[in-house]
Amino acid sequence: MTLANQVVAGAATNIAEDLKRVPAHAPGVVFVDLAALADNWRGLRDFVQPAECGAVVKADAYGLGAQQVIPTLSAAGCKTFFVATTREAGEARALAPDARIFVLDGLLPGAAADVAACGSIPILSTLAETREWAGYAKSHGADGKLSCGIHIDTGLNRLGLEPDEVRFLAGDADTLAHLDLKLVMSHMACADEPDHAMNRAQLGAFQSLRQALGHIPASLAASDGLMLGAGYHFDIVRPGYALYGGQAFQGGRTPVSRVVGAYSRVLQVRDAKPGETVGYSASYRFDRETRVAVLALGYADGFARMASRSSEHGPAAAGGGADIPYVCFAGQRAPIIGRVSMDLITVDITDIEGVPIARGDWAEIIGPNVSLEEVGIGAQTIGYEVLTRLGRRFHRAYGGGAPSFHGTVSEGSG
Ligand SMILES: *Cc1c(COP(=O)(O)O)cnc(C)c1O
């Protein structure tokens, strides 16, 4: 496995070279720059110190491959990982034997033995979970105790104890006797918007509620919240998206660089005449002589069907709006036209200058010219969903060397 230390120092950043190494049969490739990933974690660690910087690696490290991401972050110095499910915790445990692994989704009924078996720490969100985990700890824990975290709700109304439940737990000595509280946490609703009133409200609620449970390490901020200032950092921050190069926070640039590149092949180039249509339901009608590239990318690869463009959106050539989905060739935009189908999309390459586009060429889907956020906007979603949906048909290549992928390629599965 290629890890972050295999950076080719001073190497030219040449994506064309990287693409040449992709197997000829591969319809698409996702490059994951593990050196940039490690740099992002170290950058955030420095940014939030003296708070600890954890790493959220749920959903197979946001679709990038926990197998590669977790060892890379461990080697960079990360000691605390957050996953969503017990199964993810088991996978993480095998990859990071000495790390602390918190399970954000807590405990499903009857699952205590499985959670304990991989030595992970469930973050409990209901009184029922605290009782069940305490009951299991009583008979199975060292000295009748097991580690856990407590999630308290401060306004998101998703997971977490309500204020009166926090106070109830604080007085429930029978349950607390079996719980070794390692973390008290809450999650923010609007931390991407720096001026949103909910940020201060949740901060205030968290500051007062956590006190009820005594002096337990606390965590409030994810990728966006950690940008709100040191007052939001507490003892440990929980970034996910930012580690993978995402810019969730809208009030300024998070100090991270790009980790992911995605490219898809041109299968065919064709010329269409005004009045003709393209794709299912003939939803896009050409208003000019148009050169069309057909790409080996579709919704089965996680490319959202919402990125379809019909004539009602106006002609592609008028493009340029922030919400118009596009791919790039040599840094130039090719708007998506017609329906996104399962395995194919069609793009307008009429206005691409200086580069002949032919069968087998690569279109940039995510990269230096198309940010995760732009892909998200074009598909009426967010970069998070774009990442976690990148499909199994993409060839995956891991290496190190920011800013472009460059270095020793190690092949991933799929
Ligand atoms: C997913 C998640 C995170 C990480 O969020 P990012 O925005 O990706 O940094 C942190 N905390 C909780 C509770 C989460 O569910």
Side-chain angles (χ1 to χ4, degrees), residues 40-41 43-59 61-62 70 73 77-85 88-89 92 96 99-107 115 120-126 129-130 133 147-163 165-166 169-170 179-192 198-243 248-249 254:
N40 288 348
W41 184 82
L44 294 179
R45 173 199 63 191
D46 296 346
F47 185 77
V48 302
Q49 55 104 0
E52 182 185 345
C53 188
V56 181
V57 293
K58 60 193 181 188
Y62 288 45
I70 292 176
L73 293 174
C78 183
K79 296 188 164 30
T80 303
F81 293 93
F82 295 87
V83 296
T85 70
E88 290 173 358
R100 286 199 302 174
I101 297 166
F102 285 107
V103 183
L104 291 166
D105 281 5
L107 195 60
V115 174
S120 59
I121 309 174
I123 300 181
L124 311 173
S125 288
T126 60
E129 281 169 278
T130 64
W133 190 241
S147 298
C148 67
I150 300 291
H151 193 152
I152 59 184
D153 182 53
T154 52
L156 188 58
N157 262 311
R158 228 171 46 173
L159 294 178
L161 300 180
E162 292 286 309
E165 294 175 318
V166 177
L169 178 65
L179 302 181
D180 186 1
L181 300 185
K182 298 291 193 197
L183 188 72
V184 55
M185 65 156 279
S186 191
H187 198 42
M188 300 183 69
C190 307
D192 57 330
M198 260 191 97
N199 297 334
R200 297 205 131 266
Q202 287 195 271
L203 177 65
F206 187 61
Q207 278 164 334
S208 68
L209 277 173
R210 66 169 290 216
Q211 315 238 344
L213 296 172
H215 286 290
I216 300 160
S219 177
L220 180 62
S223 295
D224 45 8
L226 67 84
M227 293 296 293
L228 290 170
Y232 289 80
H233 294 169
F234 294 90
D235 298 293
I236 179 168
V237 297
R238 312 185 306 270
Y241 191 55
L243 294 175
F249 186 66
T254 305

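Worth saying up front: this structure is predicted, and the values here are computed from it rather than measured.
- Of all heavy-atom pairs between Leu183 and Ser219, the closest is CD1-CB, 3.9 Å.
- Between Leu169 atom CG and Leu181 atom CG the span is 7.0 Å, to the nearest 0.5 Å.
- Leu243 approaches Ala55 most closely through the heavy-atom pair CD1-CB, 3.5 Å.
- Take Ser186 and apply the side-chain hydrogen bond (donor to acceptor under 3.5 Å, both in side chains) test, not counting sequence neighbours, and it matches Thr154.
- Atom CE of Met185 is separated from atom CD1 of Ile150 by 11.0 Å, given to the nearest 0.5 angstrom.
- Side-chain contact between Ile216 and Arg210: absent, with no pair of heavy atoms (C-beta onward) separated by less than 4.5 Å.
- With values rounded to the nearest 0.5 angstrom, Ile123 atom CD1 is found 12.0 Å from Ile152 atom CD1.
- For the pair Glu162/Asn157, a side-chain contact is recorded, criterion being any heavy-atom separation below 4.5 Å from C-beta on.
- Of the inter-residue distances, the one linking Leu107 atom CG with Thr130 atom OG1 reads 10.0 Å to the nearest 0.5 angstrom.
- Once rounded to the nearest 0.5 Å, the distance linking CE of Met198 with CG of Leu156 reads 7.0 Å.
- Between the side chain of Trp133 and the main chain of Gly106, no donor-acceptor pair closer than 3.5 Å is present.
- Taking the side-chain contact (heavy atoms from CB on, under 4.5 Å) definition, one finds that Thr126 meets it with Ala128, Glu129, sequence neighbours left out.
- In this structure the side chain of Phe82 reaches within 4.5 angstrom of the side chain of Ile236, judged on heavy atoms.
- Considering all non-hydrogen atoms of both residues, Ala84 and Lys58 come closest at N-CB, 3.6 Å.
- Applying the side-chain contact (heavy atoms from CB on, under 4.5 Å) test to Val103 and every residue at least two apart in sequence or in another chain returns Val83, Ala89, Ser120.
- Of all non-hydrogen atoms in Cys53 and Val48, the two that sit nearest each other are CB-CG2, 4.1 Å.
- Sequence neighbours left out, not one pair with a member in residues 148-161 passes salt bridge (Lys or Arg N to Asp or Glu O under 4.0 Å).
- If you take CG on Leu220 and CZ on Phe206, they are separated by 5.5 Å, rounding to the nearest 0.5 Å.
- When the side-chain contact (heavy atoms from CB on, under 4.5 Å) test is applied to Leu159, the partners found at least two apart in sequence or on another chain are Asp105, Ser125, His151.
- Using a 4.5 Å heavy-atom cutoff, the side chains of Thr254 and Leu44 are in contact.
- In this view, Tyr241 and Glu373 satisfy the side-chain hydrogen bond (donor to acceptor under 3.5 Å, both in side chains) rule, not counting sequence neighbours.
- Under the side-chain contact (heavy atoms from CB on, under 4.5 Å) criterion, Ala201 pairs with no residue, sequence neighbours left out.
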Legend entry - Worked check of side-chain contact (heavy atoms from CB on, under 4.5 Å) between Leu226 and Phe249: CA-CA 9 Å; Leu226 67 84; Phe249 186 66; over 6 Å; no

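- Contacts classified as side chain to side chain donor-acceptor pair (under 3.5 Å) and involving residues 221-233 (residues at least two apart or in different chains) are not found.
- Applying the ring-ring contact (aromatic ring centres under 6.0 Å, His included) criterion to Phe81, with sequence neighbours excluded, gives no partner residue.
- The side-chain hydrogen bond (donor to acceptor under 3.5 Å, both in side chains) test applied to Lys182 returns Asp180, not counting sequence neighbours.
- In plain terms, the two heavy atoms of Met188 and Leu228 that are nearest each other are CE-CD1, 3.8 Å.
- In this view, Glu52 and Arg100 satisfy the salt bridge (Lys or Arg N to Asp or Glu O under 4.0 Å) rule, not counting sequence neighbours.
- Take His187 and apply the side-chain hydrogen bond (donor to acceptor under 3.5 Å, both in side chains) test, not counting sequence neighbours, and it matches Arg238.
- Residues Ala242 and Asn40 share a closest heavy-atom pair of O-ND2, 3.8 Å.
- Between Leu203 and Gln207 there is a side-chain heavy-atom pair separated by less than 4.5 Å.
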